[in-house]
*Asks:* 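First, the structure itself, so that you have it in front of you.
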Amino acid sequence: MNIPKDHIRNFCIIAHIDHGKSTLADRILEKTGLLTEREMQDQVLDNMELERERGITIKSQAVRTVYKAKNGEEYIFNLIDTPGHVDFNYEVSRSLAACDGAILVVDSAQGIEAQTLANVYLALEHDLEVFPVLNKIDLPSADPERVANEIEDVIGIEAMDAPRISAKAGTGIDEVLEEIVNRIPEPSGNEDSPLKCLIFDSVYDPYKGVIVFLRVFDGSVKPGDSIRFMSSGKTDEVVEVGYFGAGRFIACDELSAGMVGYITASIKDLRQTRVGDTITNADRPCKEALPGYKKVNPMVYCGVYPADTKRYPDLRDALEKLQLNDASLSFEPETSVALGFGFRCGFLGLLHLDIITERLEREYNLELVTTAPGVVYKVHKTDGEVIELTNPSNLPDSSEIEYMEEPVVSAQIMVSTDYLGSIISLCQERRGVQKGMEYMEETRVLLEYDLPLNEIIYDFFDALKSRSKGYASFDYEMKEYVRSELVKLDILINKEYVDALSFIVFKDSAYERGSKMCAKLKEEIPRHLFEIPIQAAVGGRIIARETVKAVRKDVLAKCYGGDVSRKKKLLEKQKEGKKKMREIGNVQIPQKAFLSVLKLDEE
Amino acid sequence: MYRYRRRPFCQCSSWMKNEISVYVHLPFCVKKCNYCDFLSGSFDDGIKRAYLKRLLLEIDHYGALLSGRMIRSVYLGGGTPSLLDPSFIRSIMKKLTDITMLKSGCEITIEMNPGTADERKIGSYRECGINRFSIGLQSVNDDELASLGRIHTYGDFLYLYDLLRKNGASNINVDLMTGIPHESMSSAERTLETVCALKPEHISVYSLIIEDGTPFSQAEKKNLDLPDEDEEYAIYEMTRRILSGHGYERYEISNYAKRGFECRHNITYWDLDDYIGFGAGASSRLGERRFTNIKSVEGYIGSDDPVFDEDICLDERESMSEFMFLGLRKTAGISRSDFARRFGKDPSVFFGSIIERYEGEGLLKMTKDRLAFTERGLDVSNIVLSEFV
């Protein structure tokens, strides 16, 4: 099954969200086949049956298809998917590194957006051949000529002859397929050199262990080979190699330079197969690893607790299982006075956090209480020690703190001039520092801001959307740590300090945040037999207060006659509800209250 | 929802207790009210006849069990029992008296709705021994009645009330409801004062509870125009004040009566005494055994053998818990010596920490023989009662 390298095309599709990336990918898969004519005569199908029986179908980050070009030749297309969100920037960069070219999809009505730029720059950084495709030409508002001009002006790549397509309607797809053959370069690399592969993804399979997704740059790999992970030096024996059929793994004899596929090697721990790492042959190693590997560090932390304290072991189990497939998720046990036993979890970003908590709740049937997400602060103590603070409760006493630093990102915001004013003021409210402002065309502006990460992890994206009526796009990357005036805001409920509600905030925002938080908690905490003061404090000084009035009436004045069970059920429900609350002192706080602090800016 | 933990009957100790109360469920209405989630509805005559047939069969079925016992109260509830032809009621009462003995002075209640009864029916009821009449009024304000989905006006009620009195009814209950749409302090006051002026022997005041599956639960809360929490409390407090001013003593959370007219039947429930329920969805307690018939008219008619929705034998802990959360609904509370007779020890042995805590908060009061809610305790009784579950 030797496919000449010049008949392989490894590429990805890059686009701003909703510009039609996945629709185009679907069309490409539709128009191409799963197997070459020769492969169809082989035993491959039998293997697939076996796979099917064992029920292994995995949503793959990559797919291999076969295209019969107009010149009569068959080409192998390896389409590698890139995660579409800024949280996964590093993963995106590794996926791009596995490609030789990229299709840039631009909505011919909307034109270039923030993510278009971010993705293109990332692709160009990786020396990918990028060719543009103008999508959605069937829209009445489509203006492909204008957008082509914009691409040439702003990005500086040739776009006048770019295919004008509608992925939705299926028009122009053939042209795209020919462009892939003609524009994307064939993979370079030497089959006879020592093995050099890039890991761009991996998944955990209960039968096969970790399945490593890789691009072979040099050499070849086959079952029985001894391979080494260059960052850790660990070696394993290859059990199986193969490529990605539509939604399933298809084993083959060998993967050689230029090919995209997978290997398994009975690896049990996903953390051993870090995205970006280089795999080589242990007996005949390559001289140096591929550039660009780094260990990704979580940017956002929050406490994750089981709503039912008894389910702590289940939560640990679920997190461990998720980590099997997501090496960027980190967690450490922590204890909160208010919430009991849980974990401080680290995420790449807020989307990542959402995905994980949702999966925990949906796939593992866990009810969770999460604390307000925070970033990693650097606390410089007077004794010279520097702490990386991920949990506000661990903030040392102010007398021990020399100064603190917070992470700042550099953000690109693309906005229509109509909303420029409100977006600029939003950035100012969030302590942004303008770094640049550039008119893309008469009606659209690219803003560049440095923004503290802790100002954007809550709801910046939502605020951006609502203030621009959706006409703003946003992308960011981590820039640096800068010194900042930060304080810890504490919440006291009925005079008791609630650790799970503390967070770090910019000094000048403390009052506003504190007031909003008290108001929100007042709505969430049910009336008790007594009055409950809710206070916000900074360094022991109360800065805001609300009061939950005492309950006056809670009585079941209904006639259930002899139906005692019904009455009992109601009382049981009340008791159950109480159990679901967290007791701080003698105040019952509903789980929801801990989440409500995340939504302070909702009107 | 079905919990089947039946133990051998012999363990259910108080089977041989002599007195028993009887409930008969008659789930027929002209139309269902907007708040109602009881087993009731409008059914055609064929179903009604089949239901009666099944009911008489069921009473027969328990004949052996009832024959040695005295009936202390009978309650014909619904639904709207007064909607039925009086011959129905007669045949039920005849069947009961055929196989059991009514205690002298046995309280026999029938529920009635305005607009469904006439002089003939009332006369017939009295002939077969019915001596207590419970009328569903809810409010004297017609706009409030309309929004509740009641089929009658205040005028209809007044007509029925006068008719009952004219025909010698000497024990009448009026059901009222608070926390209802469009209610205000003044409209509630009008309802209370108007009803008190009629001097019924007994008044029940229930709170509207929006139950799942009712038309009210479908409506947007804000569209219902319900009194807010503070207003509802004010109405609740005023209810207590006005009724007591007219000589009605509150003897249970929602029940007020002139001295001596407390509802014997209801007290059965709160005192954990034996009662047997006939009809679809009707509940029974025989000693530690509690069971409830299938909660569907069709299901009830459909089988000649009893079909239970629930049939359980309480363990001692559950019995104690029920003794507390039912008994404490009475303003007089529970008798500690009664408790000790049943369970061997004083309630404080089992519930000491709860009692202590809420005594400390001024919600419970304990005397030499009794444990009861304070007035403030009754207001927030659910909080305390749920602790006993």
Side-chain angles (χ1 to χ4, degrees), chain A residues 308 493-496 519-534 546-593 603, chain B residues 1 3 21 23 25 38 75 77 175 177-179 204-209 211 229-230 232-234 236-237 253-255 265-266 268-269 272 275-277 281-285 290 292 309-310 312 318 321-322 325-326 329 358 361-363 376 378-389:
Chain A
D308 176 356
I493 294 179
N494 205 22
K495 312 271 182 268
E496 298 248 7
K520 193 85 189 183
L521 286 168
K522 183 188 169 180
E523 287 170 30
E524 297 290 346
I525 296 173
R527 291 182 176 197
H528 281 55
L529 289 167
F530 44 88
E531 209 176 76
I532 305 163
I534 300 169
E546 295 275 353
T547 306
V548 179
K549 282 196 271 178
V551 65
R552 307 184 72 179
K553 173 171 171 265
D554 181 2
V555 52
L556 187 66
K558 189 175 165 162
C559 172
Y560 291 116
D563 195 350
V564 179
S565 289
R566 185 134 184 228
K567 227 174 294 189
K568 190 166 163 181
K569 262 177 212 138
L570 276 160
L571 293 173
E572 271 167 356
K573 212 169 137 194
Q574 182 153 357
K575 196 173 184 179
E576 236 5 79
K578 219 170 179 178
K579 263 196 210 150
K580 280 195 177 159
M581 299 210 214
R582 297 305 173 116
E583 193 153 358
I584 310 281
N586 48 357
V587 179
Q588 315 278 336
I589 304 174
Q591 319 267 22
K592 241 172 62 194
E603 292 315 318
Chain B
M1 79 182 237
R3 204 151 56 106
S21 291
Y23 176 81
H25 191 64
F38 286 108
Y75 198 99
D175 276 349
M177 197 179 273
T178 64
S204 299
V205 188
Y206 299 113
S207 296
L208 172 65
I209 293 168
E211 301 280 4
E229 198 179 336
D230 290 332
E232 212 198 317
Y233 181 73
Y236 170 87
E237 216 178 18
I253 285 169
S254 337
N255 287 284
H265 188 81
N266 278 342
T268 303
Y269 298 144
L272 264 69
Y275 54 91
I276 187 145
S283 299
S284 306
R285 177 197 294 279
R290 280 212 286 100
T292 299
D309 184 67
E310 180 185 51
I312 53 173
E318 289 168 318
S321 143
E322 294 195 356
F325 76 71
L326 292 172
R329 291 185 65 90
Y358 290 108
E361 293 187 22
L363 304 184
R376 161 83 176 142
L378 274 181
D379 294 352
V380 294
S381 52
N382 276 352
I383 294 171
V384 183
L385 294 178
S386 67
E387 300 270 358
F388 287 102
V389 174

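Letters A, B, ... mirror the listed sequences (proteins, then strands); counts begin at 1.
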*Asks:* Do A:Leu571 and B:Asn382 come close enough that some side-chain heavy atom pair is under 4.5 Å?
*Replies:*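 Side chain of A:Leu571 against side chain of B:Asn382, heavy atoms only: contact under 4.5 Å found.
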*Asks:* Say you draw a straight line from CG of A:Asp563 to CD of B:Glu310; how long is it, rounded to the nearest 0.5 Å?
*Replies:*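 If I round to the nearest 0.5 Å, the distance is 7.5 Å.
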*Asks:* Less than 4.0 angstrom from a charged side-chain N to a carboxylate O is my criterion; do A:Arg552 and B:Glu229 meet it?
*Replies:*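 Judged by the 4.0 Å cut-off on N to carboxylate O distance, A:Arg552 and B:Glu229 do not form a salt bridge.
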*Asks:* Which atom pair, heavy atoms only, marks the closest approach of A:Gly562 to B:Ser283?
*Replies:*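 The answer is O-CB, 3.4 Å.
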*Asks:* Within the structure provided, determine whether B:Arg290 and A:Ser565 are in side-chain contact (heavy-atom separation under 4.5 Å).
*Replies:*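 Yes, their side chains come closer than 4.5 Å.
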*Asks:* Between NZ of A:Lys567 and OH of B:Tyr269, what distance do you get to the nearest 0.5 Å?
*Replies:*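 Taking NZ in A:Lys567 and OH in B:Tyr269, the distance rounds to 9.0 Å.
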*Asks:* Is there a side-chain contact between A:Leu529 and B:Glu361 in this structure, where contact means two heavy atoms from C-beta onward sitting under 4.5 Å apart?
*Replies:*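 Yes; the side chains approach each other to less than 4.5 Å.
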*Asks:* So which heavy atom on B:Glu387 is nearest to which on A:Lys575, and how close?
*Replies:*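 Distance-wise, the nearest heavy atoms are O-NZ, 3.7 Å.
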*Asks:* Please look at B:Leu208 and chain A and tell me whether the side chain, the backbone, both or neither of the residue comes under 4.5 angstrom of a heavy atom of that chain.
*Replies:*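 For B:Leu208, neither part sits under 4.5 Å from chain A.
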*Asks:* Quick one: does any side-chain atom of B:Arg329 pair with a main-chain N or O of A:Leu556 as donor and acceptor, under 3.5 Å?
*Replies:*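 It does hold such a pair.
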*Asks:* Looking at A:Arg566 and B:Glu211, is any side-chain nitrogen of the basic one under 4.0 Å from a carboxylate oxygen of the acidic one?
*Replies:*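 Salt bridge flag = yes for A:Arg566 with B:Glu211.
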*Asks:* Rounded to the nearest 0.5 Å, what separation is found between the CG atom of B:Leu385 and the CG atom of A:Leu570?
*Replies:*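 Here the interatomic distance stands at 11.5 Å.
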*Asks:* Below 4.5 Å, heavy atoms only, C-beta onward: do B:Ile383 and A:Val551 meet side chain to side chain?
*Replies:*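 The answer is yes; the side chains approach within 4.5 Å.
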*Asks:* Count the heavy-atom pairs under 4.5 Å between each of B:Asp230, B:Val205, B:Asn266 and chain A, then report the option with the highest count.
*Replies:*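 Sorted descending by pairs with chain A, the first entry is B:Asp230.
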*Asks:* Side chain, backbone, both or neither: which part of B:Tyr23 has an atom under 4.5 Å from a heavy atom of chain A?
*Replies:*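 Neither the backbone nor the side chain of B:Tyr23 comes within 4.5 Å of chain A.
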*Asks:* Which bit of A:Lys549 is near chain B, if near means a heavy-atom gap under 4.5 Å: side chain, backbone, both or neither?
*Replies:*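 It is the side chain, since no backbone atom gets that close.
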*Asks:* Does the side chain of A:Lys553 come within less than 4.5 Å of B:Val380's, by heavy atoms?
*Replies:*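 Heavy-atom side-chain distance check fails, nothing below 4.5 Å.
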*Asks:* Check whether any side-chain heavy atom of B:Asp379 lies under 4.5 Å from a side-chain heavy atom of A:Val555, and answer yes or no.
*Replies:*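 Side-chain contact under 4.5 Å: no.
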*Asks:* Examine whether an atom of B:Phe38 lies under 4.5 Å from a heavy atom of chain A, and if so say whether it belongs to the side chain, the backbone or both; otherwise answer neither.
*Replies:*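 It is the side chain, since no backbone atom gets that close.
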